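Written below as structure tokens is the structure these notes are about.
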Amino acid sequence: MRRYGKHTDEDDIRSRPNRKGNRPRTHIRPKHEDAIEGMVLTVDRGRLTCLVDDRIVMAMKARELGRKAAVVGDRVAIVGDMTGKKDSLARIVRIADRKSVLRRTADDDDPYERVIVANADQLAIVTALADPEPRPRLIDRCLVAAFDAGLEPLLVMTKSDLASPDKLLELYGHLDIPYVVTSRAELESGDAVGRVREQLDGRITAFVGHSGVGKTTLVNSLVPEERRRLTGHVNAVTGRGRHTTTSALALPLAGDAGWVVDTPGLRSFGLHHVDPSRVIHAFPDLEPGTEGCPRACSHDEPDCALDAWVAEGHADPARLYSLRRMLATKERTEGD
Ligand SMILES: Nc1nc2c(ncn2[C@@H]2O[C@H](COP(=O)(O)OP(=O)(O)O)[C@@H](O)[C@H]2O)c(=O)[nH]1
Ligand SMILES: [Mg+2]
Ligand SMILES: [Zn+2]
């Protein structure tokens with residue numbers, strides 16, 4: 001079996017496209033025509049677990065990608081050893097353009113950006129109704145991140161066996177966000193699965209929320225076989241134990257019906273990177289009203305045109321209140 005050791009990598013990096021008058025020096029695959037497309041399922045210390053057709057393949061980034069990192073959810077082109085055997089390692093030579101990027105700054109004082117997942121189109125914001133107590137501030141921050149990244153938010157309220165969702169529904173009702181409520185009994189009986197699946201089918205959904213809210217329990221009840229299969233494969237290839245909880249993990253929904261992405265628990269959600277105009281864009285009933293605003297309006301000042309917009313009946317005042325709460329979220333620190 002041919003091994004793709006370090007030297008082969010280096011040779012490939014030096015290769016250049018086969019243009020006239022610039023012929024490559026050695027045997028090379030200029031465009032990696034033999035590359036196969038895959039999806040990054042999880043990342044662990046530079047090792048990327050990818051799904052290629054129906055196979056789990058371990059890969060690392062080729063040096064020719066430079067500083068660009070592949071992240072969970074990325075569609076990638078892979079070459080090399082794709083046998084999926086123990087210690088096999090393929091190389092990622094291309095990353096497809098991303099449809100979306102969900103990022104967070106570590107926190108607002110530390111503007112180092114981390115990409116949580118690429119290509120998602122929905123953000124499931126998971127909150128327990130009790131144990132741990134709901135944290136509306138964190139929910140608001142996740143919402144702002146979703147608006148900024150252009151993901152549609154979905155509110156998932158777990159542990160309804162412990163407390164009622166009424167108070168939270170009142171707080172978030174005016175944002176018109178779809179929601180689902182689940183309990184332990186409904187997860188165990190499978191009753192909740194259909195209801196949750198309705199919101200997920202055909203989409204790539206990233207599940208985020210504080211640690212202990214029930215993300216992993218929910219994702220596993222949605223895709224139990226996939227989870228087991230993937231864990232088994234990763235063990236076989238790496239000889240390592242369980243999936244680490246430091247990276248997101250993407251799993252396909254049965255029937256080619258989209259993907260769910262479990263993520264590690266969030267303690268905070270830094271919003272340093274967020275552009276307020278992207279948040280306003282998520283409020284299409286209010287956005288046109290900002291045309292009458294002074295330049296660089298914070299939308300929470302006496303001259304803001306949105307008050308008149310609402311007074312004239314173009315939008316519900318509760319929506320303006322919600323937008324202002326979202327915009328203020330970015331300026332606030334987590335604990336306020
Ligand atoms: N009472 C109750 N407990 C739940 C429910 N869903 C999950 N849990 C428990 O909450 C704890 C944390 O769940 P986990 O899925 O690991 O949360 P994660 O950190 O968000 O992934 C575990 O002990 C679960 O058994 C639920 O609907 N009701
Ligand atoms: Mg978890
Ligand atoms: Zn304004």
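Computed over heavy atoms, backbone and side chain alike; hydrogens, waters and symmetry mates excluded. Just so it is clear, the structure is predicted and the values come from calculations on it, not from any experiment. Start at 1 and go down the list; that is how both ligands and their atoms are numbered.
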Distance-only N or O hit between ligand 1 and Leu187, under 3.5 Å: no
Shortest non-hydrogen separation from Lys99 to Asn119 and the atoms involved: N-OD1, 2.7 Å
Check: Ser298/Asp300 side-chain N/O donor and acceptor closer than 3.5 Å: no
More than 12 heavy atoms of other groups within 6.0 Å of Lys167 NZ: no
More than 12 heavy atoms of other groups within 6.0 Å of His314 NE2: yes
Region of Leu162 engaging ligand 1 - heavy atom pairs below 4.0 Å: side chain
Close side-chain approach of Arg324 and Leu306, heavy atoms under 4.5 Å: yes
Nearest-option assignment for atom 21 (O) of ligand 1, heavy atoms, candidates Asp131, Thr158, Thr216: Thr216
Closest protein heavy atom (residue, atom, distance) for atom 17 (O) of ligand 1: Gly214 N, 3.0 Å
Taking every non-hydrogen atom, the tightest pair across Ala69 and Lys61: CA-CD, 4.2 Å
N or O pair under 3.5 Å between Ser160 and ligand 1: no
Residue selection (non-hydrogen contact nearest atom 5 (C) of ligand 1) among His210, Met157, Lys159: Lys159
Backbone or side-chain N or O of Thr182 under 3.5 Å from ligand 1 N or O: no
Identified side-chain contact (heavy atoms from CB on, under 4.5 Å) partner of Phe207 from the options Val117, Leu222, Leu154: Leu222
Protein contact to atom 12 (C) of ligand 1 [nearest heavy atom, distance to 0.1 Å]: Gly212 O, 3.5 Å
Sub-4.0 Å heavy-atom contact, Ser211 with ligand 1: yes
Tyr179 atom OH, over 12 foreign heavy atoms within 6.0 Å: no
Atom indices of ligand 1, in the order listed, that fall short of 4.0 Å to a heavy atom of Lys215: 15 (O), 17 (O), 18 (P), 19 (O), 20 (O), 21 (O)
Atom nearest to the Zn ion (ligand 3) - His299, N, O or S atoms considered: ND1
Metal site angle (apex the Zn ion (ligand 3)), SG from Cys297 and SG from Cys293, 10 degrees: 110°
Nearest non-hydrogen protein atom, atom 13 (O) of ligand 1: Thr217 OG1, 3.5 Å
Side-chain donor-acceptor pair present, Asp44, Ser247, cut-off under 3.5 Å: no
Is_contact(atom 23 (O) of ligand 1), protein non-hydrogen, under 4.0 Å: no
Over 12 foreign heavy atoms within 6.0 Å of CD, Glu301: yes
Co-membership, hydrophobic cluster, residues Leu251 and Leu123, 4.5 Å side-chain: yes
Top protein contact for atom 27 (O) of ligand 1, by heavy-atom distance: Arg184 N, 2.9 Å
Identity and distance of the protein heavy atom lying nearest atom 1 (N) of ligand 1: Asp161 OD2, 2.7 Å
The Mg ion (ligand 2) to nearest N/O/S of Thr216 less than 2.8 Å: yes
Ligand 1 atoms in contact with Ser183 (distance to a heavy atom under 4.0 Å): 27 (O)
